[in-house]
A.B. asks: 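Have a look at this one before I ask anything.
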Amino acid sequence: MALFPLTSNFQGDFVLQLLPVDTDNTMDEVAAAAAHHSVGRRVAARPGHVMRVRRQGTEEAFPRTLKVSESDLKPMECIEVIWE
Amino acid sequence: MANLGRLDWYDLARTTNWTPTYVQEDELFPPQMSGSMGIPMPAWESYDEPYKQTYPEYVRIQREKDAGAYSVKAALERSKMFENADPGWLSVLKAHFGAIARAEYSASTAEARMARFGKAPGMRNMATMGMLDEIRHGQIQLFFPHEHCAKDRQFDWAHKAYDTNEWAILASRHMFDDMMTTRGAVDVALMLTFAFETGFTNMQFLGLAADAAEAGDWTFSNLISSVQTDESRHAQIGGPLVAILIENGKKAEAQKMVDIGIWRAWKLFSVLTGPMMDYYTPLEHRKQSFKEFMLEWIVVQFERSLIDLGLDKPWFWDQFLEELDYQHHGMHLGVWFWRPTVWWNPAAGVSAEERAWLEEKYPGWNATWGTNWDVITDNLLAGKKELSYPETLPVVCNMCQLPINATPGPAWKVRDFPLEYKGRSYHFCSEGCQWCFKQEPERYAGHLSLIDRFLAGMVQPMNLAGGLKYMSLEPGEIGDDAHNYAWVEKIRTDRQKDAA
C-alpha cells in the first residue's frame, strides 16, 4: 500500500482537484474519496445513484472492486467520477 | 536664433545607430538579447512610431501627471473612501495592487531591455520613456495603497505579494516572467507591449478608471487614468515592429509571439478582471458585463489591430470567444471557495438580484454555475460553513498556473489537457495553454506548479495550515467572504418572506 495521487474530475463539479488515495483502494473507495471533495460542497447528492470511476476520455468505467494498483492509472492521471 | 520645430530635428536626434569598430554587431546587440532574427540593421532603422515624444516633453508631462494624481490623493485622504466603500470594491483594490504594482517594476526591466538591446533606434527611444513609465507605475501603485495598511493588513500585499509563493502570484509571476524578463527585445515588444498592453491593459485600465469613478473612489480613478495615459504611449512600441518582421519574412515568428502573448494575457484577465467586473463590483455600479466589455473593447479592437498590421487572428480565436462565456465564472468560484488562500476578500456576488443579473448577461448561468452556488448557499443557510471550504487543492495548469476549470452542472465540460514530456506528466487547462508549452517546452518544463511542489513535499505540513504558511498568508491577511456572508442572511430573509 502506498499513497497515490490522482486528479479528480467529478461530474457536475467545476474544477479538477487533487485526490490522494491508496494503491489498495478499490474504485468504489476512490469514488467515495472524490465525492468527499465535491458532493455536498458544490455538487448536490443524488440518492439512488452509484458513483463510478473511469479514465478521462473513455466511456467504460473501471470495475467497482478493481484496486488502484491493479489498474494502469498513472500518478495524477485524470479520472472522471460519474453518476450511474 | 529661432528654435527648430520638433519635426525638423526629431528624426535626426533619434537616429542613434552607429557602425561599431571595436566590437562586432552581434557583440553590441547579442541576438538572444535583441531577438533580431537575422534581420539586417537597415531594416530596423526604418522603425517609426506615431507618438514622437521628445524627452523634455516627456519630463514636463510626467511631472504634471504626477502632480495631478498625488494632489487628488492628498485632497481626498480625509474623504473616508475606505470606510464608506463597498467591501467588494476594496477587494478590487487589494487584488489589483498585489498583482500589478511589483509587476510594473518588473516591466521596467523589460522596457530597459528594449531600450538597450532593441536594434531599432526609434524603439530604443520609446522604450527609454517606457522604462521610466514603469518605474513610476511601480512607485505610485505602492505608495497609494500604503495609506490603508494601518487599517487593513491585506493592503500590505501590494508590496508583499510578489515575494511570496501565493498561488495567484505564482500565476502572475509565471506569465510576466515569461513575457517580460526572460526574452529578447523584439519578443518583449510583441508579447508585452502589443499583445498584453495594446490588447488588454490599455483598454482595461480605461474601464477600471470608470468603475472607480462610479464607485466614488476618485483617488484610484485618477491614479489608473494617469497610468493608462503612459500605457497608451509605450504600448505602441510593438506595432511598428510587426511591419518590419513581416517585410523581412518573419510573419510566422511574429504571429507566434503575439498568439502566445494574447492567450497568456487572457488567462490572467479571466482570474483578475472577470471576477472584479461581474462579481466584486456592486450591482448598481456595473455598466457592462465582463463579456460585453471584452467583446466591445478588447475583441473588436484587437481583431482590427491584428488585421491592420498584417497578422491573422490567432488559431485559438474561436476557443477564446467561447471561453468568454465561462472561464471567469470558474475562476471566481475557485477564488471564493479557496478564499483563505488569497490576500483579498472575494465578494461572492450571488444574491438573488445578482444571480438574476448573471442569468440575463450569461443565459444558462443558473443551470450551470448556479447549481454549484446552490449547494454552497444551502450549506451556509444550514449553518454548515465548514462545507463551504475545501479540504484539498485544485489541480492547476502547468502553463497559466490557474485552477483547471470549466462549466459545471448538467452541461459539465471540465477536462484535463495532459501532456507527457521527457517522462514527466504535465496538466493544462486548455488546448491554448498546452500549445504554448509545446512551442518551447524546454523553456517551461522545469517549472513546478503549486501542485507539483505539494507532491514534492515542499509544502509542510501537507494541510491547509502548511499551505497557508508556504504562501506566506498570515492571520489577518487570509481572505474571507467580502461581505461577511450578509448575502446569505438576505437570502434567508427573502425565503422566509416567500414562505410566509
Side-chain angles (χ1 to χ4, degrees), chain A residues 2-23 25 29-47 49 51-62 68 71-84, chain B residues 326-327 329-338 368-369 371-379 382 384 386-398 402-418 420 424-429 449-452 454-455 462 467:
Chain A
L3 191 65
F4 194 88
L6 288 168
T7 297
S8 167
N9 185 12
F10 202 98
Q11 184 180 358
D13 207 349
F14 83 107
V15 68
L16 300 186
Q17 297 183 99
L18 175 63
L19 182 65
V21 295
D22 191 281
T23 47
N25 284 150
E29 288 167 340
V30 168
H36 178 76
H37 298 295
S38 292
V39 178
R41 291 180 201 270
R42 293 175 302 271
V43 179
R46 288 169 70 172
H49 289 265
M51 295 174 295
R52 300 294 303 272
V53 177
R54 70 185 183 197
R55 187 193 301 273
Q56 175 177 289
T58 62
E59 290 297 317
E60 195 176 345
F62 288 112
V68 171
S71 74
D72 56 352
L73 285 169
K74 289 180 290 190
M76 288 306 286
E77 189 164 354
C78 187
I79 53 152
E80 294 173 344
V81 183
I82 47 163
W83 301 101
E84 194 175 81
Chain B
Y326 66 84
Q327 186 65 95
H329 297 305
M331 295 298 179
H332 171 63
L333 176 50
V335 167
W336 190 90
F337 205 85
W338 273 266
T368 52
W369 301 96
T371 63
N372 282 186
W373 281 105
D374 285 343
V375 177
I376 293 169
T377 305
D378 288 345
N379 282 334
K384 298 177 187 168
E386 71 280 5
L387 290 176
S388 75
Y389 287 107
E391 289 186 41
T392 188
L393 295 169
V395 174
V396 299
C397 172
N398 278 112
L402 298 168
I404 300 175
N405 73 84
T407 307
W412 186 51
K413 288 199 296 191
V414 188
R415 62 165 292 200
D416 183 22
F417 290 79
E420 288 285 320
R424 184 178 154 193
S425 295
Y426 295 85
H427 301 268
F428 299 99
C429 66
S449 74
L450 186 65
I451 297 300
D452 297 326
F454 183 80
L455 293 172
M462 293 174 86

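Note that these values count all heavy atoms, side chains included, but never hydrogens, waters or copies made by symmetry.
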A.B. asks: Counting heavy-atom pairs closer than 4.5 Å to chain A, which one of Phe454(B), Tyr389(B), Trp412(B) comes out on top?
C.D. replies: Trp412(B)
A.B. asks: If I compare all heavy atoms of Asp13(A) with all of Ser38(A), which pair ends up nearest, and what's the gap?
C.D. replies: OD2-OG, 2.7 Å
A.B. asks: Do you know which of Asp416(B), Val396(B), Thr407(B), Leu393(B) has the most heavy-atom pairs with chain A at a distance under 4.5 angstrom?
C.D. replies: Asp416(B)
A.B. asks: Chain A heavy atoms under 4.5 Å from Pro410(B): which part of the residue, side chain, backbone, both or neither?
C.D. replies: neither
A.B. asks: Just say parallel, tilted or perpendicular for the rings of Trp369(B) and His329(B), cut-offs at 30° and 60°.
C.D. replies: tilted
A.B. asks: Closest approach of Val15(A) and Pro403(B), non-hydrogen atoms and distance?
C.D. replies: CG2-CB, 4.0 Å
A.B. asks: Examine whether an atom of Thr392(B) lies under 4.5 Å from a heavy atom of chain A, and if so say whether it belongs to the side chain, the backbone or both; otherwise answer neither.
C.D. replies: both
A.B. asks: Is there a side-chain contact between Phe62(A) and Leu73(A) (heavy atoms, below 4.5 Å)?
C.D. replies: yes
A.B. asks: What part of Leu455(B) gets closer than 4.5 Å to chain A, counting heavy atoms only: side chain, backbone, both or neither?
C.D. replies: side chain
A.B. asks: Where does Gln56(A) contact chain B at under 4.5 Å (heavy atoms): side chain, backbone, both or neither?
C.D. replies: side chain
A.B. asks: For Ile79(A), is it the side chain, the backbone, both, or neither that has a heavy atom closer than 4.5 Å to a heavy atom of chain B?
C.D. replies: neither
A.B. asks: Taking 4.0 angstrom as the limit, do Glu84(A) and Arg54(A) come out as a salt bridge?
C.D. replies: no
A.B. asks: If you count heavy-atom pairs within less than 4.5 Å of chain A, which of Asn372(B), Asn405(B), Ile451(B), Asp378(B) leads?
C.D. replies: Asn372(B)
A.B. asks: To the nearest 0.5 angstrom, please state how far the CH2 atom of Trp373(B) sits from the CZ atom of Phe14(A).
C.D. replies: 8.5 Å
A.B. asks: Determine the option with the most heavy-atom pairs under 4.5 angstrom with chain B, choosing from Gly12(A), Pro5(A), Cys78(A).
C.D. replies: Gly12(A)
A.B. asks: Does Phe337(B) have Arg42(A) sitting over its ring (NZ/CZ under 6.0 Å from centre, angle to axis within 45°)?
C.D. replies: yes
